[in-house]
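Below, chain A is the first sequence line, B the second, and so on; all start at residue 1.
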Amino acid sequence: MMGLFQDLLTTFNFIVQGLWVTISVTAVALTVGFTIGVVMAIARVYGHPALQTAVSAYSVVIRAVPVIVIIFILFFVISRYVNLSPFWAGALALGFASGAYQTEIFRGAIQAVQSGQMIAARAIGMSRLQAIQSIVLPQALRLALPAWGNEATLVLKDSTLVFAVGVPEILRRAQQVSARTFEPFLAFGVALLLYLALTLITTQALQWIERRYRLQV
Amino acid sequence: MTSPILRIEDVHKSYGSLHVLKGVSLTVQPREVVVLVGPSGSGKSTLLRCINLLNPPTKGRIWLEDQEITAPGVNQDRVRQRIGMVFQEFNLFTHLTALGNVMIGLIKVRKMRKNEARDLAMFELERVGLADRAHYYPAQLSGGQKQRVAIARALGMDPHVMLFDEPTSALDPELTGEVLAVMQKLAGEGMTMIVVSHEMGFARQVANRVVFMEGGVVVEEGTPQHMFEQPTHERTRAFLRNIMQ
Ligand SMILES: Nc1ncnc2c1ncn2[C@@H]1O[C@H](COP(=O)(O)OP(=O)(O)O)[C@@H](O)[C@H]1O
Ligand SMILES: [Mg+2]
């Protein structure tokens with residue numbers, strides 16, 4: 001009994017060090033994806049037709065490719081030319097992928113903001129950019145929150161993929177422990193619980209934000 | 001004789017092949033209240049949107065005070081700031097309180113500091129009788145209150161002319177009075193106004209001039225008395241008789 005507890009503690013202590021890596025990869029990916037998503041969605045809705053086409057193309061291509069392929073391209077191809085650690089190759093790849101999905105999320109949200117909002121903003125003398133910044137985006141971001149929360153949990157789960165290029169996140173560490181101790185049940189059990197905890201905390205936090213900033217219609 | 005505040009000269013507007021305004025000319029003097037009437041689709045909204053350059057005319061020229069605003073190179077955002085507009089559907093910013101709706105233009109466009117903007121916004125809300133609703137969101141306001149906030153929002157920009165596009169058409173009948181009262185008060189303070197409205201009581205009491213549009217042209221204009229009692233054109237007579245039942 002004492003032995004099992006010891007095993008569990010050692011296993012947990014080893015794997016939990018990957019928790020921070022998982023959180024960092026997810027945070028970087030979501031931030032990059034958010035930036036890409038917002039900028040591209042604005043370009044997609046308000047940009048020059050040529051720009052709109054370019055953005056659609058990006059979004060279609062990226063979404064058609066498995067995320068792991070993008071990770072490999074960054075890690076094996078791009079990192080020959082730019083100095084990219086496995087962590088950054090993985091996190092950026094996830095960010096580019098998520099950016100395509102977030103583009104669609106924010107595009108839908110921007111288009112869901114009533115056209116009268118933009119017109120009223122222009123009527124008081126705001127420039128297009130000011131109207132987008134101060135009126136359309138704040139509303140679109142609120143409308144996008146449920147879909148964005150869903151995307152956030154997907155990215156959190158996809159973050160395990162960086163394991164393939166050797167980033168020591170939760171799953172990678174679980175696999176290492178299990179290879180050493182021959183106790184896969186313990187190792188992957190701990191990994192499962194950590195992911196579960198992360199996802200639940202994320203969902204709860206997002207739901208709180210959603211309630212806090214809900215648009216009254 | 002003062003110089004006109006607004007001069008519209010042979011304005012045309014087409015949407016693709018649809019020729020909506022077919023040469024509208026109109027001159028408005030400072031402090032004048034012009035009520036614009038006409039059947040649905042005659043181009044009244046289009047004319048207002050031409051005036052504040054939300055949809056610039058395809059042909060023709062417009063002067064605001066001594067500036068030709070249809071001239072190339074004019075800063076259209078600055079022009080819109082000087083022309084307030086109130087919409088049928090209110091179009092209040094849904095993510096902002098009543099106070100926030102009035103403040104945002106003061107901060108972003110007039111570049112006021114937050115405190116200064118808050119004070120002026122409160123003053124404008126008081127002007128429309130809604131100081132006690134400052135912290136309500138649009139969804140928590142009645143239609144009449146929303147429209148009064150929209151008026152306060154426009155007034156905050158210190159406009160030289162106010163355009164109203166059917167400001168009471170989306171309201172329940174019992175709520176139109178409070179909005180018309182605010183507009184009447186504004187007129188009394190000397191605001192220059194162009195009002196698209198079929199509120200004939202308002203036109204009789206407040207308007208200096210009634211303009212009848214049909215099919216993208218001004219058919220006839222005159223004092224309310226002339227227009228209601230002895231219009232020259234049969235079309236004017238028929239239309240006005242119709243809307244007064
Ligand atoms: N943005 C637009 N694009 C195309 N057609 C328009 C647009 N706005 C108005 N129209 C058309 O122009 C005509 C006049 O419309 P409008 O100015 O709204 O008339 P009114 O306000 O007098 O009812 C209508 O036939 C309408 O369908
Ligand atoms: Mg109209």
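With hydrogens and angles ignored, the 3.5 Å screen pairs a side-chain donor or acceptor of A:Q52 with a backbone N or O of A:G47.
For a residue to count as touching a neighbouring chain, one of its non-hydrogen atoms must lie under 4.5 Å from one of that chain's; by this rule A:R142 touches chain B with the side chain only. For B:I83, the part sitting under 4.5 Å from any heavy atom of chain A is the backbone (N, CA, C, O) and nothing else. Of the atoms belonging to B:Q140, it is side-chain heavy atoms, and not backbone ones, that fall under 4.5 Å from chain A. For chain A, the nearby part of B:F87 is the side chain; its heavy atoms alone come within less than 4.5 Å.
Counting heavy-atom pairs closer than 4.5 Å to chain A, the top residue among B:R82, B:R153, B:H95, B:R80 is B:H95. Counting heavy-atom pairs under 4.5 Å between each of B:L96, B:I104, B:L163 and chain A puts B:I104 at the top. If you tally non-hydrogen atom pairs under 4.5 Å between each of A:Q133, A:Q130, A:R128 and chain B, the highest count goes to A:Q130.
Looking at A:R107 and A:Q111, their side chains do bring a donor and an acceptor atom within 3.5 Å of each other. In the model, B:Q147 has no side-chain atom that pairs as donor or acceptor with a side-chain atom of B:T168 under 3.5 Å. Checking B:D77 against A:S127 by side-chain atom types alone, no donor-acceptor pair falls below 3.5 Å.
Salt-bridge annotation for B:R127 and B:E124: present, with a side-chain N of the basic residue lying under 4.0 Å from a carboxylate O of the acidic one.
Around the CG atom of B:D132, the shell of radius 6.0 Å holds more than 12 heavy atoms that belong to other residues, nucleotides or ligands.
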